[in-house]
Amino acid sequence: MINWRKAAFGALGAAVLLTTVACGNTTEPSGNTQGTIPATDITVKDNTNTSVYQNFKLEKIDKLPNMRGVAWLSGDSIVTDKENTSMKPVSVEGEERYPHNLYMYDLTKGTDTPLKESEVNLGAPQVSPDGQHLFYWETEETTGWPFILNLQSGEAIAAGKQDGFIQEGAWLDNEHVVFSNMKGELVSAALDGTTKVLVETGNFNVRSIKVSNNVIYYITGEDGQLNAYDTMTGEVRQVLKSVEWVIPSNDGTRLAIVKRTADTKRALVLTDLEGNEKATLARGTQIFGTSWSGDDSKIAYTIQSDNNNEKGLFVSNTESAEQFQLSADMDEVADALAWSPQGNKILLSQSVMENEKVHFVTSIITISE
C-alpha cells in the first residue's frame with residue numbers, strides 16, 4: 001500500500017509540476033497542467049472545412065498577460081488567479097514570491113476586483129451554477145483545504161477540516177459541492193461548511209470528479225476505472241476502464257471521454273451514459289481541456305501531437321463530429337477550457353516561460369457562426 005501511495009503521489013506530482021513550481025497551486029482534470037511553453041506568437045489556422053462549419057469563423061484572440069483565467073462569472077467578467085502584490089512576499093528557493101489570490105477581471109473595463117485575498121495561495125476556483133458562491137482551495141503544493149466563498153458577502157467558510165487533492169471537486173447543486181479527501185472518500189459539503197461522506201472508494205487516487213444531474217462521475221486506480229455514483233439511490237456502478245478524463249454534457253445525456261488507447265496515444269470519444277461509444281472526435285498523444293458549449297452543440301479541446309496539422313486548439317461539432325482547428329500553437333493549457341455564457345468565446349490559460357520565469361497568459365478567443 002505504501003508503494004502504491006508513493007506511485008500515486010509521483011504521478012500527480014508530475015502532472016502538476018509546473019504549477020507547483022510557479023505558484024504552489026495545482027491543476028486538473030477537467031483541465032490539466034502540462035509543461036511550460038516558450039513565449040510565442042499564435043498561429044491562426046484558416047478554416048478549410050465545409051458543410052456544418054462552412055460559416056464557422058475565428059474572429060479574434062485577446063491575450064491577458066500575468067493572469068490565469070479559470071471561469072466565467074458573466075459574459076463580460078472572468079474569475080482569475082494571479083499574484084497579489086499587496087501581500088508580503090515569501091522567499092522560495094532564494095526567490096521572493098507573492099501569494100496567488102482570486103480576482104474578478106472585467107473584460108470591458110480591463111479592471112481587477114479582489115474576490116478573496118490571503119497571505120497563502122488560493123486556487124482552483126469553481127463558480128456555483130447560480131453564480132452566488134465560489135468553491136476554492138487554500139493550496140500547499142499538490143494538496144490543500146477546501147473553502148466556499150459567498151460572492152455577495154465576501155464570507156468564506158471552510159468545507160470541513162480534511163485536506164484533499166486540489167482541483168478535484170464539482171458543484172452538486174447551488175448549495176453543495178463534492179470533492180475527494182486524502183482518504184479516498186467522496187465528500188459533500190454544504191454552504192455552511194458541514195460535510196457528509198458519500199462514497200468510500202477504497203482508492204487513494206480519486207480524480208476527474210464531475211456531476212451530471214444526480215450522478216457523480218469519478219475515476220479511480222491506475223487502470224483508469226470510470227465510476228458513477230447515483231446520489232438518489234446511493235448505488236455505484238463501473239462504466240469503463242482506461243479513462244483519463246470524463247466530461248458529461250450539460251443536458252446529462254452524453255459523456256465526452258478521453259481514453260488511453262496506448263502508452264502514448266489518446267482518443268476523445270462521445271459515449272452514452274453506459275459508456276457505449278457513439279463517435280470519435282479526436283486522436284493524439286495527449287488531449288486536454290475538454291469542454292462542452294452551453295447548448296452541447298460543440299466541444300473545445302487541445303491536442304498534443306507530433307504533426308502540426310493535428311495539434312493545437314480545436315472545436316468539434318458534437319452531432320456531425322466535424323473538427324475545426326483554431327490554432328496550431330495552443331496545445332498546452334493550464335486548466336479546462338471554458339465557454340462564455342453566450343457561447344461565442346472560449347477562455348483558455350497557458351503557462352509560458354519568458355526571461356527564465358514562468359507566468360500565465362490568458363486568451364479570450366472569440367468565434368462566430
Side-chain angles (χ1 to χ4, degrees), residues 11-43 61-72 78-85 89 92-93 95-103 105 112 121-126 136-137 139-144 165-168 207 244-245 258 284-291 300-305 311-314 326-338 346-365:
L12 182 64
V16 301
L17 176 61
L18 166 67
T19 314
T20 302
V21 172
C23 62
N25 295 342
T26 58
T27 55
E28 186 220 302
S30 92
N32 323 280
T33 296
Q34 303 113 46
T36 314
I37 61 174
T40 181
D41 293 332
I42 298 299
T43 301
I61 298 177
D62 296 313
K63 287 187 174 184
L64 307 173
N66 301 315
M67 71 173 67
R68 180 178 183 172
V70 181
W72 293 89
I78 59 174
V79 179
T80 69
D81 160 352
K82 70 170 196 172
E83 287 185 333
N84 188 344
T85 56
V92 179
E93 298 179 353
E95 179 183 349
E96 286 196 336
R97 296 179 185 171
Y98 294 96
H100 276 241
N101 288 175
L102 303 175
Y103 296 81
Y105 183 80
D112 275 319
N121 287 319
L122 310 178
Q126 296 190 47
Y136 70 93
W137 296 79
T139 70
E140 185 175 317
E141 297 186 350
T142 61
T143 61
F165 287 125
I166 301 161
Q167 285 288 54
E168 294 302 343
R207 57 200 184 276
E244 296 204 336
W245 313 113
V258 176
T285 304
Q286 294 286 358
I287 300 174
F288 291 115
T290 309
S291 176
Y301 52 92
T302 66
I303 301 176
Q304 291 184 357
S305 172
K311 77 180 188 72
L313 172 63
F314 291 83
L326 291 176
S327 167
D329 298 315
M330 292 180 168
D331 58 333
E332 305 210 24
V333 292
D335 303 283
L337 308 176
I346 300 171
L347 174 64
L348 178 151
S349 293
Q350 295 174 285
S351 51
V352 175
M353 177 71 77
E354 194 170 20
N355 298 325
E356 298 184 353
K357 283 192 174 183
V358 176
H359 65 93
F360 285 94
V361 174
T362 294
S363 295
I364 305 294
I365 301 151

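Throughout, numbering of the chain's residues begins at 1 and tracks the sequence. A quick note: this is a predicted structure, and the numbers were derived from the prediction, not measured.
Residues passing the side chain to side chain donor-acceptor pair (under 3.5 Å) test with T80, sequence neighbours excluded: none. Remark: S305 engages I303, N307, E310, K311 in a side chain to side chain contact (heavy atoms under 4.5 Å, CB included) (not counting sequence neighbours).
Panel note: side chain S291, backbone A336; no donor-acceptor pair is recorded below 3.5 Å. Panel note: side chain T139, backbone G144; no donor-acceptor pair is recorded below 3.5 Å. Of the possible polar contacts, one joining the S349 side chain to the G69 backbone as a donor-acceptor pair under 3.5 Å is found. Side-chain atoms of S363 do not come within 3.5 Å of backbone N or O of I365 as any donor-acceptor pair.
Remark: F288 CZ to L337 CG distance equals 11.5 Å, nearest 0.5 Å. Once rounded to the nearest 0.5 Å, the distance linking CG of D112 with CG of N101 reads 11.5 Å. Considering CG of L122 and CG of N84, their distance stands at 9.0 Å, rounded to 0.5 Å. Between atom CG of residue L348 and atom CD of residue E332 there is a gap of 11.0 Å, rounded to the nearest 0.5 Å. Atom CG of D62 is separated from atom OG1 of T362 by 11.5 Å, given to the nearest 0.5 angstrom. Here the CD atom belonging to Q350 is positioned 10.5 Å from the CZ atom belonging to F360, to the nearest 0.5 angstrom.
Scanning all heavy atoms of the two residues, the minimum distance from Y103 to E83 falls at OH-O, 3.9 Å. Minimum heavy-atom separation, G123 to D81: CA-OD2, 4.3 Å. Pairing each heavy atom of H100 with each of N121, the nearest pair is N-OD1, 2.7 Å. Heavy-atom minimum distance, W72 versus A338: NE1-O, 3.0 Å. In terms of heavy atoms, W137 sits closest to E168 at CZ2-O, 3.7 Å. Contact detail for V358 and S351: the closest heavy-atom pair is CG1-CB, 4.4 Å.
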Trace of the side chain to side chain contact (heavy atoms under 4.5 Å, CB included) decision for V352 with H359: CA-CA 5 Å; V352 175; H359 65 93; 4.2 Å; yes

List the steps, then state whether side chain to side chain contact (heavy atoms under 4.5 Å, CB included) holds for I364 with L347. CA-CA 5 Å; I364 305 294; L347 174 64; 3.5 Å; yes

Given the rule in the side chain to side chain contact (heavy atoms under 4.5 Å, CB included) test, do F165 and R207 qualify, once you have shown the distances and angles that lead to the verdict? CA-CA 8 Å; F165 287 125; R207 57 200 184 276; over 6 Å; no

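Between T290 and W245, the closest side-chain pair of non-hydrogen atoms is not below 4.5 Å.
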